[in-house]
Amino acid sequence: MLNNDEILQLQYVEKLKTIIEEKEKALGRKMTCQVTTFGCQMNARDSEKLLGILKKAGFVETESDDADFVIYNTCTVRDNANQRLYGRLGALKPYKKKNPNMKIGLCGCMMQEPTVIEKIKNSYGFVDLIFGTHNVFCFAELLCRMYESDSRIIDIWEKTDKIVEALPIDRKYSFKSGINIMFGCNNFCTYCIVPYVRGRERSRNPEDIIAEIKGLVDDGVVEIMLLGQNVNSYGKNLEDPISFAELLRRIEKIEGLERIRFMTSHPKDLSDELIDVMASSKKICDHIHLPLQSGSSRILKKMNRCYDKEQYLALVERIRAKIPDISITTDILMAFPGETDEDVEETVDVIRKVKFDNAFTFIYSKRTGTPAASMPDQLDEGTMQRHFDVVLKEVQESARERLKRFEGRTVPVLFEEVNDHDPEYIDARMTSNTVVHVKAPSSCIGKIMNVKLTEFHGFYYTGEIV
Ligand code: SAH
Ligand code: SF4
Ligand code: F3S
């Protein structure tokens, strides 16, 4: 059943279609569009919606920067994401001068920051459409307004309690898909801007999630990734609360679905019920992404992560006791204000004890408006880089050692895409999320097959179909 917003927006998609048809007639050619995504999987999913609507309206996708409509779906989690956006945006200006038809849109997390909107108004006056994370579902409506008024549209909502999902989507992969199970975040880790730009936590109804997954499976999808900033608190604010573990149990029953992944799991909310469901499941992948951020209890407290070093290590032990071979990956944030050499040692200690299969390491980036930004003991750049380098070296060594365990095994892999460097190879993924390069025809893409892992290359394998 469609809700009122979905019905309304689908009407706008139809209206947009007629606008684009008129433009095509005037131009004597198709209208082109380009969607560029910065940031996380949730933004990637939102971009699939943007592209879905654009294609439905008649646009043809292009990689080139001189498209008739270019939209950047932005991220603001670290300052370098912002800087990259400004760089890309600056480079668009000459294209717009050449093509008077060209329109430029900006959306996503950065647009929820008032200072960013001011800067764009002042320095990038050639942008035509700006909206944020809460009204991304109004994209078709906003495009209609932009084309009809032929003026700049800026529409940012401070928050929303709406969940509008049943709109056209253009999936990047035919055989796997992300699915939003919740939006926003209530955790307010002191360094993080996400709760400010994505709003409070809201869960989708389990029935809607299941219906969407069934639709995807009918459409050929074999692997899904359930998305949320903290999936372990899924369902707590629903009218009929259910746990994330229970949601997984229900999803497991969907026939034809082969693999279930999810991210991200906040360590503070990971239940024993979830571990049990993972251990007994045939479809949930042998992988959990469990962001550590820091191994120092003192820093974790200042980060407001709500767990300490010992609790994290105990959690890993509980998981490995039930699922010994599981792949555990993590995020580590180095150089938080006040971090000392002793704190870095604590983080190194956790890395050595846990042996992550993979770790994403980030240097702390000061985000205006977060509590950490006004902490007095911000580190200088040299110290930041030194802390980062120590940890990066450690995670690389430890991952290399841990990943060796698969050598010689025969494992099922999902064939995903042609290898960038050698088109005779396909990049495939184990349930542990480890990449395997396999010599195979491209007709294998989307299939799950058994592969023998013949050679280990430090962070990926080569394998042969058996
Ligand atoms: N909800 C997820 C994380 C989402 S952001 C969780 O709680 O784990 C992804 C990663 O970006 C975080 O895990 C953190 O390591 C990093 N990050 C967030 N804010 C940051 C900041 N201000 N500077 C540097 N890295 C940051
Ligand atoms: Fe940011 Fe923390 Fe929320 Fe993750 S849990 S999005 S790090 S505030
Ligand atoms: Fe970035 Fe927004 Fe995701 S800030 S990491 S795109 S939620």
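For this chain, numbers begin at 1 and follow the sequence in order. As the structure lists them, so they are numbered: ligands from 1, and atoms in each ligand from 1. Every value quoted in this text rests on a predicted model; they were computed, and no experiment measured them.
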Are there more than 12 heavy atoms of other residues, nucleotides or ligands under 6.0 Å from atom NZ of Lys56? no
If we set the cut-off at 4.0 Å for heavy atoms, which region of Arg367 has an atom near ligand 1: side chain, backbone, both, or neither? side chain
Heavy-atom distance under 4.5 Å between the side chains of Tyr196 and Phe188, does that happen here? yes
Go through ligand 1 atom by atom and flag the ones less than 4.0 Å from a non-hydrogen atom of Tyr364. 23 (N), 24 (C)
Electrostatic pair Lys301:Asp308 at N-O distance under 4.0 angstrom: no
Is the closest side-chain donor-acceptor distance between Arg202 and Asn180 under 3.5 Å? no
Hey, which atoms in ligand 3 end up nearer than 4.0 Å to a heavy atom of Cys40? 3 (Fe), 5 (S), 6 (S), 7 (S)
Between Tyr191 and Tyr364, does the ring centroid distance fall short of 6.0 Å? no
Contact atoms of ligand 3, heavy-atom distance to Val77 under 4.0 Å: 1 (Fe), 4 (S), 5 (S)
Please determine whether the number of non-hydrogen atoms from other residues, nucleotides or ligands lying under 6.0 Å from atom CD of Glu158 exceeds 12. no
At under 4.0 Å between heavy atoms, what of Pro291 touches ligand 1? The answer is side chain
Would you say CD of Glu397 has more than 12 non-hydrogen atoms from neighbouring residues, nucleotides or ligands within 6.0 angstrom? yes
Hey, mind stepping through Glu165 and Asp208 against side chain to side chain contact (heavy atoms under 4.5 Å, CB included) and telling me if it holds? CA-CA 9 Å; Glu165 284 284 307; Asp208 295 342; over 6 Å; no
Quick one: does ligand 1 sit under 4.0 Å from the side chain of Lys366, the backbone, both or neither, non-hydrogen atoms only? neither
What do you reckon, is CG of Asn4 surrounded by more than 12 foreign heavy atoms closer than 6.0 Å? no
Expected contact list for ligand 2 at under 4.0 angstrom, heavy-atom basis, is Cys185, Asn187, Phe188, Cys189, Tyr191, Cys192, Val194, Pro195, Gln229, His266, Arg305
Any Met42 heavy atom less than 4.0 Å from ligand 3: no
Identify the protein heavy atom lying closest to atom 2 (Fe) of ligand 3, giving its residue, its atom name and the separation to 0.1 Å. Cys109 SG, 2.2 Å
Between Asp79 and Lys366, does at least one N-O distance fall below 4.0 Å, as a salt bridge requires? no
The one among Asn82, Thr76, Thr37, Asn73 that brings a heavy atom closest to atom 4 (S) of ligand 3: Thr76
Ligand 1 contact by Ile193, heavy-atom criterion under 4.0 angstrom: no
Below 2.8 Å, any N, O or S contact between Cys75 and atom 1 (Fe) of ligand 3? yes
For ligand 1, the portion of Asp331 having any non-hydrogen atom under 4.0 Å away: side chain
Arg305 to ligand 1: N or O pair under 3.5 Å? yes
Return yes if a side-chain donor-acceptor contact under 3.5 Å exists between Gln9 and Asp5, otherwise no. no
Which atoms from ligand 3 have a heavy atom of Gln229 less than 4.0 Å away? 7 (S)
